[in-house]
There are 2 protein chains.
Amino acid sequence: MPRPANPIAPQPQPAAKSSAPRGAARRDCIVDAALVVIGRVGPDALTHRLVAAEAGVPLAATTYWFASKEALILEAFAHAARRDIAQLERETAEAADWTSADAAGHLARSMRASLTEHRTRTVVDYGLWVEAARRPALRPVADAWSRACQAFFATILEAIGGRRSEHDARLLTAAFDGLLMDQLASDHPDDEARLTAVLERLLGAFAG
Amino acid sequence: MPRPANPIAPQPQPAAKSSAPRGAARRDCIVDAALVVIGRVGPDALTHRLVAAEAGVPLAATTYWFASKEALILEAFAHAARRDIAQLERETAEAADWTSADAAGHLARSMRASLTEHRTRTVVDYGLWVEAARRPALRPVADAWSRACQAFFATILEAIGGRRSEHDARLLTAAFDGLLMDQLASDHPDDEARLTAVLERLLGAFAG
DNA sequence: GTCGCTTCGGTACATCTGTACCGAAACTGT
DNA sequence: ACAGTTTCGGTACAGATGTACCGAAGCGAC
(Lines give C-alpha, C1' and ligand atoms only; values in the text may rest on other atoms or scores of the structure.)
Protein backbone atom coordinates (compact mmCIF):
# COMPACT_ATOMS: atom_id res chain seq x y z
CA MET A 1 0.00 0.00 0.00
CA PRO A 2 1.39 3.38 -0.90
CA ARG A 3 1.63 5.03 2.48
CA PRO A 4 0.57 8.67 2.80
CA ALA A 5 3.02 11.46 3.43
CA ASN A 6 3.10 11.16 7.19
CA PRO A 7 4.69 14.16 8.92
CA ILE A 8 5.94 11.92 11.68
CA ALA A 9 7.00 9.12 9.36
CA PRO A 10 9.77 7.03 10.85
CA GLN A 11 13.23 7.63 9.47
CA PRO A 12 14.91 4.54 8.10
CA GLN A 13 17.64 3.69 10.56
CA PRO A 14 21.11 2.73 9.27
CA ALA A 15 21.19 0.19 12.12
CA ALA A 16 24.81 0.91 12.86
CA LYS A 17 25.38 -1.73 15.49
CA SER A 18 28.77 -3.28 14.96
CA SER A 19 28.63 -5.53 18.02
CA ALA A 20 25.08 -6.73 18.39
CA PRO A 21 24.37 -7.46 22.05
CA ARG A 22 23.33 -10.97 22.90
CA GLY A 23 21.30 -12.62 25.58
CA ALA A 24 19.40 -10.56 28.10
CA ALA A 25 21.35 -7.44 27.09
CA ARG A 26 19.65 -7.67 23.75
CA ARG A 27 16.31 -7.62 25.49
CA ASP A 28 17.18 -4.33 27.13
CA CYS A 29 18.37 -3.03 23.82
CA ILE A 30 15.01 -3.85 22.27
CA VAL A 31 13.16 -2.08 25.08
CA ASP A 32 15.30 1.03 24.59
CA ALA A 33 14.64 0.96 20.86
CA ALA A 34 10.92 0.60 21.52
CA LEU A 35 11.03 3.75 23.62
CA VAL A 36 12.72 5.68 20.84
CA VAL A 37 10.07 4.47 18.42
CA ILE A 38 7.26 5.36 20.81
CA GLY A 39 8.72 8.82 21.24
CA ARG A 40 8.83 9.28 17.50
CA VAL A 41 5.58 7.76 16.23
CA GLY A 42 3.54 6.91 19.31
CA PRO A 43 2.73 3.57 20.90
CA ASP A 44 -0.02 2.60 18.48
CA ALA A 45 2.08 3.11 15.39
CA LEU A 46 4.90 1.03 16.81
CA THR A 47 5.71 -2.08 14.80
CA HIS A 48 8.04 -4.99 15.40
CA ARG A 49 9.97 -4.10 12.27
CA LEU A 50 10.48 -0.49 13.31
CA VAL A 51 11.79 -1.58 16.69
CA ALA A 52 14.03 -4.25 15.21
CA ALA A 53 15.54 -1.74 12.77
CA GLU A 54 16.07 0.81 15.53
CA ALA A 55 17.75 -1.76 17.76
CA GLY A 56 19.78 -3.27 14.95
CA VAL A 57 18.55 -6.78 15.58
CA PRO A 58 16.69 -9.18 13.29
CA LEU A 59 12.91 -9.09 13.30
CA ALA A 60 12.59 -12.44 15.02
CA ALA A 61 14.49 -11.15 18.06
CA THR A 62 11.56 -8.91 19.00
CA THR A 63 9.10 -11.76 18.94
CA TYR A 64 11.53 -14.05 20.71
CA TRP A 65 11.92 -11.80 23.75
CA PHE A 66 8.36 -10.50 23.90
CA ALA A 67 5.24 -12.59 23.67
CA SER A 68 3.41 -9.91 21.70
CA LYS A 69 3.57 -6.35 20.58
CA GLU A 70 1.30 -5.49 23.46
CA ALA A 71 3.76 -6.94 25.96
CA LEU A 72 6.61 -5.02 24.37
CA ILE A 73 4.77 -1.71 24.65
CA LEU A 74 3.83 -2.38 28.26
CA GLU A 75 7.39 -3.30 29.17
CA ALA A 76 8.74 -0.24 27.37
CA PHE A 77 6.45 2.11 29.28
CA ALA A 78 7.26 0.41 32.56
CA HIS A 79 10.96 0.68 31.83
CA ALA A 80 10.64 4.38 30.98
CA ALA A 81 8.75 5.03 34.19
CA ARG A 82 11.32 3.17 36.28
CA ARG A 83 14.16 5.10 34.68
CA ASP A 84 12.50 8.49 35.07
CA ILE A 85 11.38 7.83 38.63
CA ALA A 86 14.97 6.98 39.55
CA GLN A 87 16.14 10.23 37.99
CA LEU A 88 13.44 12.16 39.83
CA GLU A 89 14.52 10.62 43.12
CA ARG A 90 18.05 11.82 42.51
CA GLU A 91 16.73 15.32 41.81
CA THR A 92 14.58 15.13 44.93
CA ALA A 93 17.71 14.61 47.02
CA GLU A 94 19.24 17.71 45.47
CA ALA A 95 16.07 19.76 45.89
CA ALA A 96 16.27 19.45 49.65
CA ASP A 97 19.03 22.06 49.54
CA TRP A 98 17.25 24.55 47.31
CA THR A 99 16.31 27.95 48.67
CA SER A 100 13.32 30.18 47.96
CA ALA A 101 15.62 32.37 45.90
CA ASP A 102 16.79 29.78 43.41
CA ALA A 103 14.05 27.13 43.41
CA ALA A 104 12.17 28.67 40.48
CA GLY A 105 15.37 28.92 38.47
CA HIS A 106 16.18 25.28 39.10
CA LEU A 107 12.69 24.24 38.05
CA ALA A 108 12.83 26.41 34.94
CA ARG A 109 16.11 24.84 33.88
CA SER A 110 14.68 21.40 34.51
CA MET A 111 11.62 22.19 32.43
CA ARG A 112 13.78 23.65 29.69
CA ALA A 113 15.81 20.44 29.56
CA SER A 114 12.63 18.37 29.35
CA LEU A 115 11.64 20.42 26.32
CA THR A 116 14.96 20.21 24.48
CA GLU A 117 17.56 17.55 25.30
CA HIS A 118 15.08 15.15 26.87
CA ARG A 119 12.16 15.97 24.62
CA THR A 120 11.68 12.42 23.38
CA ARG A 121 11.65 11.14 26.93
CA THR A 122 9.12 13.79 27.94
CA VAL A 123 6.81 12.96 25.06
CA VAL A 124 6.93 9.30 26.08
CA ASP A 125 6.09 10.18 29.67
CA TYR A 126 3.00 12.17 28.78
CA GLY A 127 2.09 9.61 26.17
CA LEU A 128 2.11 7.12 29.00
CA TRP A 129 -0.41 9.23 30.84
CA VAL A 130 -2.83 9.36 27.95
CA GLU A 131 -2.33 5.69 27.23
CA ALA A 132 -2.98 4.82 30.87
CA ALA A 133 -6.30 6.61 30.54
CA ARG A 134 -7.18 4.07 27.86
CA ARG A 135 -5.48 0.92 29.18
CA PRO A 136 -5.96 0.06 32.84
CA ALA A 137 -2.86 -2.15 32.75
CA LEU A 138 -0.72 0.97 32.58
CA ARG A 139 -2.35 2.78 35.49
CA PRO A 140 -0.14 1.41 38.27
CA VAL A 141 2.85 2.65 36.28
CA ALA A 142 1.29 6.09 35.90
CA ASP A 143 0.39 6.17 39.58
CA ALA A 144 3.96 5.35 40.59
CA TRP A 145 5.27 8.18 38.46
CA SER A 146 2.69 10.52 39.92
CA ARG A 147 3.74 9.63 43.47
CA ALA A 148 7.40 10.26 42.66
CA CYS A 149 6.53 13.68 41.27
CA GLN A 150 4.55 14.57 44.36
CA ALA A 151 7.44 13.54 46.61
CA PHE A 152 9.70 15.79 44.57
CA PHE A 153 7.45 18.79 44.99
CA ALA A 154 6.80 18.03 48.65
CA THR A 155 10.55 18.30 49.18
CA ILE A 156 10.67 21.60 47.33
CA LEU A 157 7.75 22.91 49.36
CA GLU A 158 9.57 22.08 52.55
CA ALA A 159 12.77 23.69 51.28
CA ILE A 160 11.06 26.97 50.49
CA GLY A 161 9.07 27.05 53.69
CA GLY A 162 5.66 26.10 52.39
CA ARG A 163 3.19 24.28 54.54
CA ARG A 164 3.51 20.53 54.83
CA SER A 165 0.36 19.77 52.86
CA GLU A 166 -0.46 16.85 50.65
CA HIS A 167 -2.84 19.04 48.68
CA ASP A 168 -0.14 21.58 48.00
CA ALA A 169 2.32 18.98 46.72
CA ARG A 170 -0.35 17.63 44.38
CA LEU A 171 -1.21 21.06 43.11
CA LEU A 172 2.41 21.99 42.49
CA THR A 173 2.89 18.73 40.60
CA ALA A 174 -0.22 19.31 38.56
CA ALA A 175 0.72 22.88 37.72
CA PHE A 176 4.23 21.92 36.68
CA ASP A 177 2.98 19.05 34.53
CA GLY A 178 0.26 21.17 32.98
CA LEU A 179 2.73 23.89 32.17
CA LEU A 180 5.20 21.43 30.68
CA MET A 181 2.54 19.78 28.55
CA ASP A 182 1.39 23.15 27.33
CA GLN A 183 4.94 24.12 26.38
CA LEU A 184 5.48 20.75 24.73
CA ALA A 185 2.48 21.18 22.45
CA SER A 186 2.89 24.86 21.76
CA ASP A 187 4.24 26.51 18.66
CA HIS A 188 5.52 29.40 20.77
CA PRO A 189 7.14 28.05 23.92
CA ASP A 190 8.42 30.53 26.47
CA ASP A 191 12.07 31.36 26.99
CA GLU A 192 13.75 30.49 30.24
CA ALA A 193 13.34 33.96 31.77
CA ARG A 194 9.58 33.92 31.32
CA LEU A 195 9.41 30.35 32.54
CA THR A 196 11.32 31.36 35.63
CA ALA A 197 8.91 34.24 36.26
CA VAL A 198 5.87 31.98 35.99
CA LEU A 199 7.39 29.36 38.25
CA GLU A 200 8.39 32.04 40.76
CA ARG A 201 4.76 33.09 40.95
CA LEU A 202 3.70 29.46 41.37
CA LEU A 203 6.08 28.82 44.24
CA GLY A 204 5.22 32.19 45.72
CA ALA A 205 1.55 31.27 45.83
CA PHE A 206 2.28 28.16 47.87
CA ALA A 207 5.25 29.27 49.99
CA GLY A 208 4.59 30.64 53.47
CA MET B 1 -7.92 13.58 -10.71
CA PRO B 2 -11.12 11.55 -10.68
CA ARG B 3 -12.30 13.00 -7.44
CA PRO B 4 -13.26 16.61 -6.80
CA ALA B 5 -10.20 18.49 -5.60
CA ASN B 6 -12.26 20.77 -3.45
CA PRO B 7 -15.51 19.37 -2.07
CA ILE B 8 -17.54 22.41 -1.01
CA ALA B 9 -20.47 21.87 1.26
CA PRO B 10 -23.50 21.15 -0.93
CA GLN B 11 -27.01 22.46 -0.32
CA PRO B 12 -28.87 21.40 2.82
CA GLN B 13 -30.99 18.29 2.72
CA PRO B 14 -34.66 18.56 1.73
CA ALA B 15 -37.35 17.55 4.19
CA ALA B 16 -37.31 13.94 3.01
CA LYS B 17 -35.41 11.90 5.57
CA SER B 18 -33.30 8.85 4.90
CA SER B 19 -31.70 6.44 7.32
CA ALA B 20 -28.11 7.15 6.34
CA PRO B 21 -26.95 10.76 6.25
CA ARG B 22 -25.93 12.03 2.84
CA GLY B 23 -23.90 14.87 1.49
CA ALA B 24 -22.00 17.14 3.84
CA ALA B 25 -23.93 15.73 6.79
CA ARG B 26 -22.22 12.46 6.09
CA ARG B 27 -18.88 14.19 6.26
CA ASP B 28 -19.68 15.46 9.75
CA CYS B 29 -20.87 12.01 10.67
CA ILE B 30 -17.51 10.58 9.63
CA VAL B 31 -15.62 13.18 11.66
CA ASP B 32 -17.70 12.34 14.74
CA ALA B 33 -17.06 8.66 14.24
CA ALA B 34 -13.35 9.35 13.88
CA LEU B 35 -13.39 11.10 17.26
CA VAL B 36 -15.04 8.12 18.89
CA VAL B 37 -12.42 5.84 17.37
CA ILE B 38 -9.58 8.12 18.47
CA GLY B 39 -10.98 8.15 21.99
CA ARG B 40 -11.13 4.38 22.01
CA VAL B 41 -7.90 3.30 20.34
CA GLY B 42 -5.84 6.43 19.78
CA PRO B 43 -5.10 8.38 16.63
CA ASP B 44 -2.36 6.11 15.34
CA ALA B 45 -4.45 2.97 15.56
CA LEU B 46 -7.31 4.63 13.70
CA THR B 47 -8.17 2.98 10.39
CA HIS B 48 -10.56 3.91 7.63
CA ARG B 49 -12.46 0.70 8.17
CA LEU B 50 -12.90 1.33 11.90
CA VAL B 51 -14.24 4.81 11.22
CA ALA B 52 -16.55 3.64 8.45
CA ALA B 53 -17.99 0.93 10.67
CA GLU B 54 -18.48 3.38 13.55
CA ALA B 55 -20.21 5.88 11.27
CA GLY B 56 -22.28 3.24 9.49
CA VAL B 57 -21.12 4.26 6.04
CA PRO B 58 -19.33 2.27 3.36
CA LEU B 59 -15.54 2.25 3.39
CA ALA B 60 -15.27 4.36 0.25
CA ALA B 61 -17.12 7.23 1.92
CA THR B 62 -14.16 7.91 4.18
CA THR B 63 -11.74 8.20 1.29
CA TYR B 64 -14.21 10.20 -0.74
CA TRP B 65 -14.57 12.96 1.85
CA PHE B 66 -10.98 13.00 3.08
CA ALA B 67 -7.91 13.05 0.91
CA SER B 68 -6.04 10.79 3.31
CA LYS B 69 -6.16 9.23 6.72
CA GLU B 70 -3.83 11.97 7.89
CA ALA B 71 -6.31 14.63 6.77
CA LEU B 72 -9.13 12.84 8.54
CA ILE B 73 -7.22 12.73 11.82
CA LEU B 74 -6.30 16.39 11.55
CA GLU B 75 -9.86 17.39 10.80
CA ALA B 76 -11.17 15.28 13.66
CA PHE B 77 -8.84 16.90 16.17
CA ALA B 78 -9.64 20.36 14.83
CA HIS B 79 -13.36 19.61 15.08
CA ALA B 80 -13.00 18.36 18.65
CA ALA B 81 -11.08 21.47 19.62
CA ARG B 82 -13.65 23.76 18.01
CA ARG B 83 -16.49 21.98 19.77
CA ASP B 84 -14.81 22.00 23.16
CA ILE B 85 -13.67 25.61 22.86
CA ALA B 86 -17.26 26.62 22.14
CA GLN B 87 -18.43 24.74 25.23
CA LEU B 88 -15.69 26.35 27.30
CA GLU B 89 -16.77 29.77 26.14
CA ARG B 90 -20.30 29.07 27.28
CA GLU B 91 -18.97 28.01 30.66
CA THR B 92 -16.79 31.11 30.78
CA ALA B 93 -19.90 33.26 30.49
CA GLU B 94 -21.44 31.39 33.44
CA ALA B 95 -18.24 31.57 35.48
CA ALA B 96 -18.41 35.37 35.55
CA ASP B 97 -21.17 35.01 38.15
CA TRP B 98 -19.40 32.51 40.38
CA THR B 99 -18.41 33.48 43.90
CA SER B 100 -15.42 32.53 46.00
CA ALA B 101 -17.69 30.27 48.00
CA ASP B 102 -18.92 28.07 45.17
CA ALA B 103 -16.19 28.32 42.51
CA ALA B 104 -14.30 25.25 43.72
CA GLY B 105 -17.53 23.25 43.79
CA HIS B 106 -18.35 24.24 40.24
CA LEU B 107 -14.86 23.29 39.08
CA ALA B 108 -15.01 19.97 40.91
CA ARG B 109 -18.31 19.09 39.26
CA SER B 110 -16.89 20.07 35.90
CA MET B 111 -13.85 17.88 36.46
CA ARG B 112 -16.00 15.01 37.64
CA ALA B 113 -18.06 15.25 34.45
CA SER B 114 -14.88 15.23 32.35
CA LEU B 115 -13.90 12.00 34.05
CA THR B 116 -17.24 10.23 33.67
CA GLU B 117 -19.84 11.32 31.13
CA HIS B 118 -17.34 13.12 28.91
CA ARG B 119 -14.46 10.76 29.46
CA THR B 120 -13.99 9.92 25.79
CA ARG B 121 -13.94 13.58 24.90
CA THR B 122 -11.39 14.28 27.62
CA VAL B 123 -9.11 11.49 26.47
CA VAL B 124 -9.25 12.90 22.95
CA ASP B 125 -8.39 16.38 24.21
CA TYR B 126 -5.30 15.26 26.07
CA GLY B 127 -4.39 12.93 23.24
CA LEU B 128 -4.43 16.02 21.05
CA TRP B 129 -1.92 17.61 23.35
CA VAL B 130 0.50 14.72 23.17
CA GLU B 131 0.00 14.37 19.45
CA ALA B 132 0.66 18.08 18.95
CA ALA B 133 3.99 17.55 20.67
CA ARG B 134 4.84 15.16 17.85
CA ARG B 135 3.13 16.79 14.86
CA PRO B 136 3.62 20.53 14.39
CA ALA B 137 0.49 20.68 12.21
CA LEU B 138 -1.62 20.20 15.32
CA ARG B 139 0.04 22.90 17.40
CA PRO B 140 -2.17 25.82 16.33
CA VAL B 141 -5.16 23.73 17.40
CA ALA B 142 -3.58 22.99 20.76
CA ASP B 143 -2.66 26.65 21.21
CA ALA B 144 -6.23 27.76 20.52
CA TRP B 145 -7.54 25.36 23.13
CA SER B 146 -4.93 26.54 25.59
CA ARG B 147 -5.97 30.16 25.09
CA ALA B 148 -9.62 29.32 25.63
CA CYS B 149 -8.76 27.57 28.89
CA GLN B 150 -6.76 30.54 30.09
CA ALA B 151 -9.62 32.90 29.31
CA PHE B 152 -11.89 30.65 31.35
CA PHE B 153 -9.62 30.74 34.36
CA ALA B 154 -8.95 34.46 33.98
CA THR B 155 -12.70 34.98 34.32
CA ILE B 156 -12.81 32.79 37.41
CA LEU B 157 -9.87 34.66 38.90
CA GLU B 158 -11.69 37.92 38.42
CA ALA B 159 -14.88 36.52 39.88
CA ILE B 160 -13.17 35.36 43.07
CA GLY B 161 -11.16 38.54 43.48
CA GLY B 162 -7.77 37.34 42.38
CA ARG B 163 -5.30 39.66 40.76
CA ARG B 164 -5.64 40.29 37.04
CA SER B 165 -2.50 38.40 36.07
CA GLU B 166 -1.69 36.50 32.95
CA HIS B 167 0.69 34.30 34.92
CA ASP B 168 -2.01 33.37 37.38
CA ALA B 169 -4.48 32.39 34.69
CA ARG B 170 -1.84 30.19 33.08
CA LEU B 171 -0.96 28.56 36.36
CA LEU B 172 -4.57 27.87 37.24
CA THR B 173 -5.09 26.34 33.81
CA ALA B 174 -1.98 24.22 34.15
CA ALA B 175 -2.91 23.02 37.62
CA PHE B 176 -6.43 22.10 36.57
CA ASP B 177 -5.21 20.26 33.49
CA GLY B 178 -2.47 18.50 35.41
CA LEU B 179 -4.94 17.42 38.05
CA LEU B 180 -7.43 16.21 35.48
CA MET B 181 -4.80 14.23 33.57
CA ASP B 182 -3.63 12.66 36.80
CA GLN B 183 -7.17 11.63 37.67
CA LEU B 184 -7.75 10.33 34.17
CA ALA B 185 -4.75 8.02 34.32
CA SER B 186 -5.13 6.95 37.92
CA ASP B 187 -6.49 3.70 39.27
CA HIS B 188 -7.76 5.52 42.36
CA PRO B 189 -9.37 8.81 41.34
CA ASP B 190 -10.63 11.08 44.09
CA ASP B 191 -14.27 11.52 44.98
CA GLU B 192 -15.94 14.88 44.49
CA ALA B 193 -15.50 16.03 48.08
CA ARG B 194 -11.76 15.56 48.00
CA LEU B 195 -11.59 17.13 44.55
CA THR B 196 -13.46 20.13 45.89
CA ALA B 197 -11.04 20.46 48.80
CA VAL B 198 -8.02 20.38 46.51
CA LEU B 199 -9.54 22.93 44.16
CA GLU B 200 -10.51 25.15 47.08
CA ARG B 201 -6.88 25.22 48.13
CA LEU B 202 -5.83 25.99 44.55
CA LEU B 203 -8.20 28.92 44.21
CA GLY B 204 -7.31 30.08 47.69
CA ALA B 205 -3.64 30.25 46.78
CA PHE B 206 -4.40 32.61 43.91
CA ALA B 207 -7.35 34.61 45.27
CA GLY B 208 -6.70 37.86 47.04
C1' DG C 1 33.10 -35.32 22.89
C1' DT C 2 27.35 -35.69 23.79
C1' DC C 3 23.17 -34.05 25.68
C1' DG C 4 19.68 -30.53 26.71
C1' DC C 5 18.72 -26.12 26.96
C1' DT C 6 18.38 -21.28 25.26
C1' DT C 7 19.13 -18.12 21.71
C1' DC C 8 19.31 -16.80 17.07
C1' DG C 9 17.77 -15.42 12.29
C1' DG C 10 15.67 -16.23 7.98
C1' DT C 11 11.38 -16.85 5.97
C1' DA C 12 6.37 -17.86 5.28
C1' DC C 13 1.64 -16.66 5.61
C1' DA C 14 -2.94 -15.13 6.55
C1' DT C 15 -4.78 -10.86 7.57
C1' DC C 16 -5.25 -5.97 7.52
C1' DT C 17 -3.95 -1.65 5.61
C1' DG C 18 -4.65 2.84 2.59
C1' DT C 19 -6.40 4.20 -1.32
C1' DA C 20 -7.23 3.80 -6.45
C1' DC C 21 -10.78 2.66 -9.63
C1' DC C 22 -15.27 2.57 -11.96
C1' DG C 23 -19.99 2.26 -13.00
C1' DA C 24 -24.27 3.71 -11.01
C1' DA C 25 -27.18 6.90 -8.71
C1' DA C 26 -28.54 11.43 -7.19
C1' DC C 27 -28.52 16.02 -7.69
C1' DT C 28 -27.67 20.57 -10.32
C1' DG C 29 -28.96 24.35 -13.43
C1' DT C 30 -31.10 25.15 -17.80
C1' DA D 1 -36.60 17.13 -20.61
C1' DC D 2 -31.52 17.18 -20.89
C1' DA D 3 -26.58 17.27 -19.83
C1' DG D 4 -23.10 17.97 -16.42
C1' DT D 5 -21.45 17.43 -12.07
C1' DT D 6 -21.23 15.49 -7.46
C1' DT D 7 -21.90 11.69 -4.52
C1' DC D 8 -22.09 6.98 -3.70
C1' DG D 9 -20.57 2.08 -2.87
C1' DG D 10 -18.59 -2.20 -4.25
C1' DT D 11 -14.33 -4.01 -5.33
C1' DA D 12 -9.33 -4.48 -6.42
C1' DC D 13 -4.59 -4.39 -5.22
C1' DA D 14 0.05 -3.86 -3.66
C1' DG D 15 2.33 -3.55 0.32
C1' DA D 16 2.80 -3.76 5.55
C1' DT D 17 1.73 -6.24 9.59
C1' DG D 18 1.90 -9.71 13.66
C1' DT D 19 3.45 -13.78 14.52
C1' DA D 20 4.30 -18.83 13.69
C1' DC D 21 7.73 -21.94 12.24
C1' DC D 22 12.14 -24.33 11.83
C1' DG D 23 16.69 -25.39 11.37
C1' DA D 24 21.12 -23.65 12.94
C1' DA D 25 24.25 -21.99 16.36
C1' DG D 26 25.82 -21.14 21.00
C1' DC D 27 26.74 -22.91 25.72
C1' DG D 28 27.08 -25.01 30.30
C1' DA D 29 27.05 -29.76 32.65
C1' DC D 30 28.61 -34.14 32.37
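In this structure, CG of Asp44(B) is placed 15 Å from C1' of dG18(C), rounded to the nearest angstrom. Atom-to-atom, CG of Leu46(B) to P of dG18(C) comes out at 8 Å; the value is rounded to the nearest Å. Going from atom CZ of Arg27(A) over to atom P of dT6(C) covers 15 Å, rounded to whole Å. Per the geometry, OH belonging to Tyr64(B) stands 16 Å off P belonging to dG10(D), to the nearest Å.
Closest approach of Ala103(A) to Leu203(A), counting heavy atoms only: CB-CD1, 3.6 Å.
Listed nucleotides dG10(C), dG9(D), dT7(D) differ in distance to Pro58(B); the shortest reach to its side chain belongs to dG9(D).
Every pair passing side chain to side chain donor-acceptor pair (under 3.5 Å) that includes a residue from residues 147-157 of chain B is listed here, sequence neighbours excluded: Ser146(B)-Gln150(B).
Checking side-chain atoms of Thr120(B) against main-chain N and O of Gly39(B) turns up no donor-acceptor pair under 3.5 Å.
Asp44(A) places a side-chain heavy atom less than 4.5 Å from the side chain of Glu131(A).
Between Phe176(A) and Phe153(A), the ring-plane angle classifies as tilted under the 30° and 60° cut-offs.
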Practice problem: Starting from the C-alpha separation in whole Å, work towards a yes-or-no answer on side-chain contact (heavy atoms from CB on, under 4.5 Å) for Val130(B) and Met181(A). | Solution: CA-CA 8 Å; Val130(B) 172; Met181(A) 279 231 45; 4.1 Å; yes
Identify each atom pair where a protein N or O and an N or O of nucleotides 19-22 of chain D are less than 3.5 Å apart, giving names and distance.
{"residue": "dT19(D)", "atom": "OP2", "partner": "Lys69(A)", "partner atom": "N", "Å": "2.9"}

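A heavy atom closer than 4.0 Å to some atom of DNA chain D occurs in no member of residues 29-37 of chain B.
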